[in-house]
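Source: prediction; values computed, not measured.
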Amino acid sequence: LSRKSILVVARSTLVRFTPPDRLSYREFMNIDAPGASGAVELLGKGAGCTLLAMPPKVDFGSVPLTGFGRAQVSVLNSGEAACDVSAITAPTGEFSLTAAPAVPLTIAPNNLITITVEFRPTSMGKKTSQAVVTAGGSTATIALEGSGAQQKPCDIKADPQARAFG
């Protein structure tokens, strides 16, 4: 074989895959060269972070106006990619966020953070709010519910009712 009969062309092509979601994708890249053509199949699945609140709802039940209820909620990254948390939005009204990590922060896949929420009713009746953890395109919303209740009066009885000290 002479040198003229061998034609070798080496070329590399960078293919960047940036899916907008976590779906599976299949495309073909056509290759046309003098005397040859073909297609290369390109497969990919979008990876992302997925925030999951556990539990997704906290019901404090009836809480006396002079009392409070407190609960811990875990927020898990159940996705395949790290979650870059940009905000933890506190609830409003008679609910508050009493403990949460500082943002920004990163939650690795299959890892979690813990936040503490509190309910301190100042009036009677049912109250609702929510706390939200935001990371890119994923959010975890924690629904909060509780009722302000009248404090039960104390019932103190002396036994025996009368006593002589004399």
Side-chain angles (χ1 to χ4, degrees), residues 10-31 38-155:
R11 184 171 291 193
S12 63
T13 301
L14 175 66
V15 177
R16 189 175 309 266
F17 179 64
T18 54
D21 49 39
R22 292 179 202 90
L23 299 175
S24 294
Y25 290 87
R26 178 181 177 208
E27 293 292 332
F28 291 90
M29 181 173 69
N30 293 318
I31 300 172
V40 175
E41 184 178 22
L42 304 172
L43 300 172
K45 180 179 179 187
C49 88
T50 302
L51 294 176
L52 179 65
M54 301 180 308
K57 179 180 180 182
V58 176
D59 187 346
F60 291 96
S62 267
V63 177
L65 297 182
T66 57
F68 69 93
R70 183 177 293 148
Q72 287 190 331
V73 178
S74 296
V75 178
L76 171 72
N77 174 6
S78 63
E80 304 89 17
C83 286
D84 294 322
V85 176
S86 58
I88 299 176
T89 306
T92 59
E94 298 167 36
F95 298 90
S96 63
L97 192 62
T98 58
V103 293
L105 69 106
T106 299
I107 307 173
N110 297 314
N111 281 279
L112 55 86
I113 61 170
T114 301
I115 63 172
T116 303
V117 290
E118 196 170 88
F119 174 53
R120 288 185 181 266
T122 58
S123 62
M124 292 180 43
K126 183 178 176 179
K127 316 290 182 201
T128 61
S129 189
Q130 63 184 21
V132 180
V133 178
T134 305
S138 185
T139 60
T141 301
I142 302 112
L144 304 170
E145 183 176 299
S147 292
Q150 186 69 39
Q151 184 170 354
K152 295 180 182 178
C154 295
D155 189 15

Minimum heavy-atom distance between Gly79 and Pro109, given as atom pair plus value: O-CB, 3.4 Å
Validation row: Val58, Glu145 side chains within 4.5 angstrom (heavy atoms): no
Heavy-atom check, side chain of Leu97 versus side chain of Ile115, under 4.5 Å: yes
Gap separating the CG atom of Asp84 from the OG1 atom of Thr106, nearest 0.5 angstrom: 4.0 Å
Rounded distance (nearest 0.5 Å) linking atom CZ of Phe68 with atom CD of Glu118: 5.5 Å
Donor-acceptor contact below 3.5 Å, side chain Asn77 vs main chain Ile107: yes
Straight-line distance of Asn111 CG to Ser74 OG, nearest 0.5 Å: 11.5 Å
Glu94 CD to Leu144 CG distance, which is reported to the nearest 0.5 Å: 12.5 Å
Contact check, side chains of Val73 and Met54, non-hydrogen atoms, under 4.5 Å: no
Side-chain donor or acceptor of Ser138 paired with backbone N/O of Leu51 under 3.5 Å: yes
Residues in side-chain contact (heavy atoms from CB on, under 4.5 Å) contact with Gln130, at least two apart in sequence or another chain: Val132, Thr141
Mutual orientation of the aromatic rings belonging to Phe95 and Phe60 [parallel < 30°, tilted 30-60°, perpendicular > 60°]: tilted
Interatomic distance, Met124 atom CE to Ser62 atom OG [nearest 0.5 angstrom]: 9.0 Å
Shortest non-hydrogen separation from Pro64 to Pro121 and the atoms involved: O-CG, 3.7 Å
Side chain to side chain contact (heavy atoms under 4.5 Å, CB included) between Ile113 and Ile88, intermediate numbers included: CA-CA 11 Å; Ile113 61 170; Ile88 299 176; 4.2 Å; yes
Heavy-atom pair of closest approach, residues Val63 and Gly69: CG1-N, 4.2 Å
Closest contact, heavy atoms only, Ala39 versus Phe28: CB-CD2, 4.3 Å
Side-chain (Ser129) to main-chain (Thr92) donor-acceptor, under 3.5 angstrom: yes
Heavy-atom check, side chain of Val85 versus side chain of Val75, under 4.5 Å: no
Euclidean distance, Asp59 CG relative to Lys57 NZ, rounded to 0.5 Å: 5.5 Å
